[in-house]
Protein chains: 2
Amino acid sequence: MFCGLIFLFFIWEKRFVSGKKFIKSIEREDVIQNLAYDLVIFGFNGKQLKILVLEYHNTGLFALPGGFVKKSESLENAVKRGLKERTGLENIYLEQFRTFGSLSRSNPEAMKRILEENGLDLIKHEWMLDRFLSVAHYALINYDEVSPEPDSLSDSINWYSINELPTLMMDHREIVETALQVLRENLEKKLVGMNLLPSKFTMKQLQQVYEAILGEKLRRTTFQRRLLAMGVLERHEKLFQGKAHKAPFLYSFKGKQ
Amino acid sequence: MFCGLIFLFFIWEKRFVSGKKFIKSIEREDVIQNLAYDLVIFGFNGKQLKILVLEYHNTGLFALPGGFVKKSESLENAVKRGLKERTGLENIYLEQFRTFGSLSRSNPEAMKRILEENGLDLIKHEWMLDRFLSVAHYALINYDEVSPEPDSLSDSINWYSINELPTLMMDHREIVETALQVLRENLEKKLVGMNLLPSKFTMKQLQQVYEAILGEKLRRTTFQRRLLAMGVLERHEKLFQGKAHKAPFLYSFKGKQ
DNA sequence: ACATTATTGTAACATATTGAGACAATAATC
DNA sequence: GATTATTGTCTCAATATGTTACAATAATGT
């Protein structure tokens, strides 16, 4: 079985021949066999932590975005390329966190259905039904800067709150859980928060990111004191929100423009 | 290029036909292509942190142990199998920490030499000269329980202090550095120390493990207080070492026999 | 204008946690 | 019985964190 998100690699061409779309598919010879990557793309909408999930039309199958590694490119480049195709963004915070390689992570029937529903040659793409290992990554992006493009692909792609995920294919649920766990562990160490917010933000927004990632409420005063003591924040002008109370300062992370 | 440690998979048979050894080699069809794993096997000799390094005879090439993943086995099983073949041990503490996938991690010339020096068919093993991704793992073992077997293999395998490593093939140096970095990060979180010591140990031994991993001296009193406060240690009888001073207690980790 | 309201920034104090040093206990040796 | 090196624990200072309190303030209502 493959790893879910093959279609990242497909280039859809909107040619209408006898009313059908044709897909320029990926060649077996160009990519490393039995290996894929998957992406857990996190975003923060101001309240909740969300991730991007694909839905394959006519199948009801949900999966993480992912793709293959070309024989002539590095793993890192393959992932960055896929991420750019999905989100349109470059220079995204990206972290590889685990390679999933169990034998049970496969689902040839589901894969077959997806190929069929998209009018792909089953013989030519039989290699996609094989067993796949997947190198899982998570990415952190600014929710507001992205508008994932569902229309140019046969599958739709949407944000889902991590608390309200649909049932995902294969072991993708486990991949998400692991990503979240690693993200939590890296929260302090790697200043993860900076990649989920606009360049300027209030202390409250930053705290909300922390709370969304950790899944728990934090004490306001302690949080503020601790983050200021870290010395990584730069204070800017106040933000007047037009509300009947004191206006908060805006902050940015030092070293980020 | 491959990932270094293919020979873990070779089964050497000591048949003497015209004075030469013959190797039962691994079949291309049985393993996943362009994918390997590498092992950073840590041990602690009481003073220094050490790792197991291979040397290929007649080449002066040093590399990490590693191997391939069979199409019919999980990644985890492949690694555990390789680890057992190298050390003879089962139930070893094992942690996957990164997949290396750059294009520059290859060295077809070196690989060719290794194949030639071992009398392997270059045509049949040409796939080993290709580009390889490698899923890197580290293992923690009790130094005294292991006697790596150099004689049954064409390559020797020996312990090297992490401060005195020979020049390693390809990106294996980087793999070791990364392993050490991850090990340090996991030191508290995963009670790593327990896997490098015999089941009963003194507080001093435990501190020496911590110091060897972190590469710095720790304060004795603080260390002792902190580890006792964690509540993971069980105190046993005293250890009389025949020295002219107070005998230390022996400890074990709770939940480890 | 002036009180009201909600939120923010920070101070103050209590409560851990850690750093650093001191010291008694002890197992062998002299 | 004194000497020696090491161990286990205590104390006190320095830091960090939990908790509460409160003044400052930007808009609104009167």
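Every chain is numbered from 1, with letters handed out A, B, ... down the list of sequences.
Side-chain contact between A:Leu140 and A:Ile92 is absent, with no heavy atoms from C-beta onward closer than 4.5 Å.
For A:His245, taking side-chain heavy atoms from C-beta onward, the closest of the listed nucleotides C:dA20, C:dT8, C:dA6 is C:dA6. If you check C:dA11, D:dG8, D:dG18 against the side chain of B:Pro248, the one that comes closest is D:dG8. Here the side chain of B:Phe240 is nearest to one of C:dA27, D:dT20, D:dA26, namely C:dA27.
Rounded to whole Å, the distance from CZ on A:Arg226 to C1' on D:dT19 is 16 Å. For B:Lys246 and C:dA28, the NZ to C1' distance is 15 Å, given to the nearest whole Å. Going from atom CD of B:Gln224 over to atom P of C:dG21 covers 18 Å, rounded to whole Å. In this structure, A:Phe223 places its CZ atom 17 Å from P of D:dT19, rounding to the nearest Å. Distance, B:Glu188 CD to C:dT17 P: 15 Å, rounded to whole Å. Between A:Met230 atom CE and D:dT15 atom P there is a gap of 19 Å when expressed in whole angstrom units. Taking atom CG on B:Leu250 and atom P on D:dT7, their separation rounds to 12 Å, with Å as the unit. Look at CZ on A:Phe249: it is 14 Å from P on D:dA24, rounded to the nearest Å.
Between B:Tyr138 and B:Phe42, the ring planes are perpendicular. Angles over 60° get that label, and only those under 30° would be called parallel.
Of the two residues near DNA chain D, A:Lys243 and A:Arg219, the one whose nearest nucleotide lies more 5' is A:Arg219. Of the residues near DNA chain C, B:Gln241 and A:Lys204, the one whose nearest nucleotide (by heavy atom distance) lies more toward the 5' end is A:Lys204.
Among the protein residues, A:Thr202 comes within range of no part of the nucleic acid, since none of its heavy atoms lies under 4.0 Å from any strand.
For the pair A:Lys80 and A:Glu76, the salt-bridge criterion is met [side-chain N within less than 4.0 Å of a carboxylate O]. Under a 4.0 Å N-O distance rule, the pair A:Lys217/A:Glu211 qualifies as a salt bridge. Residues B:Glu174 and B:Arg105 are not paired through a salt bridge, judged by the lack of any N-O separation under 4.0 Å between the basic side chain and the carboxylate.
At the phosphate of D:dA26, OP1 or OP2 sits under 4.0 Å from a side-chain N or O atom of A:Lys238.
Axis orientation changes by 20° from one end of the helix from C:dA1-D:dT30 to C:dC30-D:dG1 to the other, with each end axis drawn from 5 pairs and the value rounded to 10°.
The distance between the ring centers of A:Phe201 and A:Phe253 falls below 6.0 angstrom.
Donor-acceptor pairing under 3.5 Å, judged by distance alone, is present between the side chain of B:Arg225 and the base of C:dG19. For A:Arg220 against C:dG9, a side-chain-to-base donor-acceptor contact under 3.5 Å is present.
Side-chain contact of B:Tyr93 with B:Glu95: a donor-acceptor pair under 3.5 Å is present, judged by distance alone.
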